[in-house]
A.B. asks: 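The structure that follows is given in the form of structure tokens.
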2 protein chains.
Amino acid sequence: MEPELAASSTAPATSRKKRGEGYTRRDEILLAAKTLFLEEGYDAATIRKIADRVGVSAPALYLYFQDKEAIMLALCDQTFGRLIERISRIEKTVSDPLERICRFGDAYARFGLEHPDEYRLVFIGHNIPEAVRKVGHRMPIDDPTRPGVGGALVFSRLVTMLSQLEASGVKLNYPPDTCAELCWMGIHGVVAALIMKPDFPWSNRETLIQGMQDIVINGILSRA
Amino acid sequence: MEPELAASSTAPATSRKKRGEGYTRRDEILLAAKTLFLEEGYDAATIRKIADRVGVSAPALYLYFQDKEAIMLALCDQTFGRLIERISRIEKTVSDPLERICRFGDAYARFGLEHPDEYRLVFIGHNIPEAVRKVGHRMPIDDPTRPGVGGALVFSRLVTMLSQLEASGVKLNYPPDTCAELCWMGIHGVVAALIMKPDFPWSNRETLIQGMQDIVINGILSRA
DNA sequence: GGCGTTAACTTAACGTTGATAAGTTATCTC
DNA sequence: GAGATAACTTATCAACGTTAAGTTAACGCC
């Protein structure tokens with residue numbers, strides 16, 4: 001019919017996948033989507049743009065994801081996975097419960113500031129659909145393969161750490177869940193502010209992070 | 001003055017406005033938009049739905065607002081004006097500097113939870129075009145009538161309060177700006193979390209707000 | 001009372017968006 | 001070879017924000 005020269009627009013040399021290798025395309029889509037989401041935001045990163053960058057037609061994305069939201073969810077899990085890895089490393093190497101929590105906060109804040117775009121994508125959420133916004137917390141944790149459960153996993157680690165702290169004999173001003181929520185909210189407030197308003201003349205970053213950490217940990221520890 | 005005032009709130013939706021009274025329609029649009037934004041969220045509240053509720057065609061909205069965003073911004077200023085009012089009332093009725101700050105935090109948190117959409121747009125959101133994005137902080141405050149300046153005004157009040165607290169002889173652990181940032185970040189963390197993850201089984205709201213307030217204020221006050 | 005101006009609208013349409021239906025092509029197994 | 005079917009495309013949908021261009025009605029003025 002036609003010359004088989006694939007002289008299309010900006011289409012890369014990606015050819016049709018062989019039979020058993022569709023998952024490869026799935027990963028390509030995720031990579032392209034991640035880049036575009038971070039570059040332009042959720043709304044501006046249209047499925048057509050994503051498909052274009054992959055070098056494939058737009059409906060092809062629906063072979064691998066139920067809808068645009070599902071792409072977002074998959075990316076969320078990817079990001080959460082990296083954080084959870086770091087936290088696991090802390091749990092393995094640090095035994096003192098209080099020290100663990102400090103290290104958790106440190107790792108959490110550092111992770112956020114080192115990957116501001118991903119943090120924004122996952123933890124802050126913006127104009128994104130309802131289902132995606134719930135990613136962080138609402139879902140049941142019993143099935144870790146379920147999309148969008150990573151946030152809950154991260155948070156539950158903090159709760160566990162605080163329970164262990166209490167079990168070790170340290171008196172807390174609130175129940176462990178409440179303490180965890182307050183700790184997370186404080187650190188998240190710092191990270192979110194620094195990420196979302198990078199041009200504001202904030203005080204020194206380390207001062208703010210360390211300051212909030214001190215404030216929050218002092219605040220939940222019952223004063224003897 | 002006015003012969004008939006029949007169109008105050010339950011307006012005859014389909015009637016064309018008389019010559020000098022276009023601003024009346026503007027207010028109707030704002031009211032309808034506010035209701036719809038709160039009922040269904042920003043995205044789901046389409047221009048056509050808003051126009052429908054007003055009883056007017058969709059393009060008619062563009063006679064009064066540059067675009068959909070401008071409607072939201074107008075609503076933001078409207079509601080932030082109320083927060084600033086509350087803060088002003090606190091400043092007038094409460095003389096003790098520390099008490100002022102507590103009341104500020106209380107009013108701020110309550111306001112955020114009462115107006116989650118406006119709060120999200122101004123203090124959290126970022127997916128919105130550049131002009132709206134800076135709304136929170138970086139904006140010049142010299143023109144208070146400028147759309148979207150409410151956030152910066154609110155924050156500057158807190159800085160002032162903390163400077164006054166220090167001037168009153170109370171020793172702080174950090175400079176007033178840093179203290180203001182930490183206070184704001186803590187409370188913002190609570191409000192943002194409650195707004196963005198409304199379905200998570202958080203601890204009692206009042207406990208969290210009051211708890212963060214205690215934590216943060218204790219944290220910035222130099223321990224004697 | 002008629003006329004011109006113009007504020008206050010309407011209808012029609014544009015370009016995109018996310019998503020679906022239905023058809024096509026290439027690779028596998030037999 | 002002949003099916004079967006994974007991988008993909010083209011054509012199309014309804015809904016979105018927004019614009020262009022035309023219409024209606026209220027006023028001042030002669």
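Here is the naming used below: chain letters follow the sequence lines, and residue numbers restart at 1 for every chain.
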A.B. asks: Grab the OH-P distance between A:Tyr23 and D:dA7 for me, whole Å please.
C.D. replies: 11 Å
A.B. asks: For A:Tyr64 and D:dA6, what is the distance between atoms OH and P respectively, to the nearest whole Å?
C.D. replies: 11 Å
A.B. asks: Run the side chain to side chain donor-acceptor pair (under 3.5 Å) test against B:Ser57 and tell me which residues pass, sequence neighbours left out.
C.D. replies: none
A.B. asks: OP1, OP2 of C:dA8 versus side-chain N and O of B:Arg25: anything below 4.0 Å?
C.D. replies: no
A.B. asks: Report the residues that fulfil side-chain contact (heavy atoms from CB on, under 4.5 Å) with A:Glu114, sequence neighbours left out, ordered by chain and then residue number.
C.D. replies: A:Arg86, A:Arg110
A.B. asks: Mind checking side chain to side chain donor-acceptor pair (under 3.5 Å) for B:Glu206 and listing every partner two or more places apart, or none if nothing turns up?
C.D. replies: none
A.B. asks: Can a donor-acceptor pair be found, under 3.5 Å and without considering hydrogens, that links the side chain of A:Thr35 to the backbone of A:Leu31?
C.D. replies: yes
A.B. asks: Using ring-ring contact (aromatic ring centres under 6.0 Å, His included) as the criterion, list what pairs up with A:Phe65, not counting sequence neighbours.
C.D. replies: none
A.B. asks: Could you run through nucleotides 14-24 of chain C and give me one letter per nucleotide, 5' to 3': B if any protein heavy atom sits under 4.0 Å from the base, S if only the sugar-phosphate is that close, - if neither?
C.D. replies: ---BBBB----
A.B. asks: Go through the structure and list residues passing ring-ring contact (aromatic ring centres under 6.0 Å, His included) with B:Phe111, not counting sequence neighbours.
C.D. replies: B:Phe80, B:His115
A.B. asks: To the nearest Å, how far apart are B:Arg26 CZ and C:dC9 C1'?
C.D. replies: 18 Å
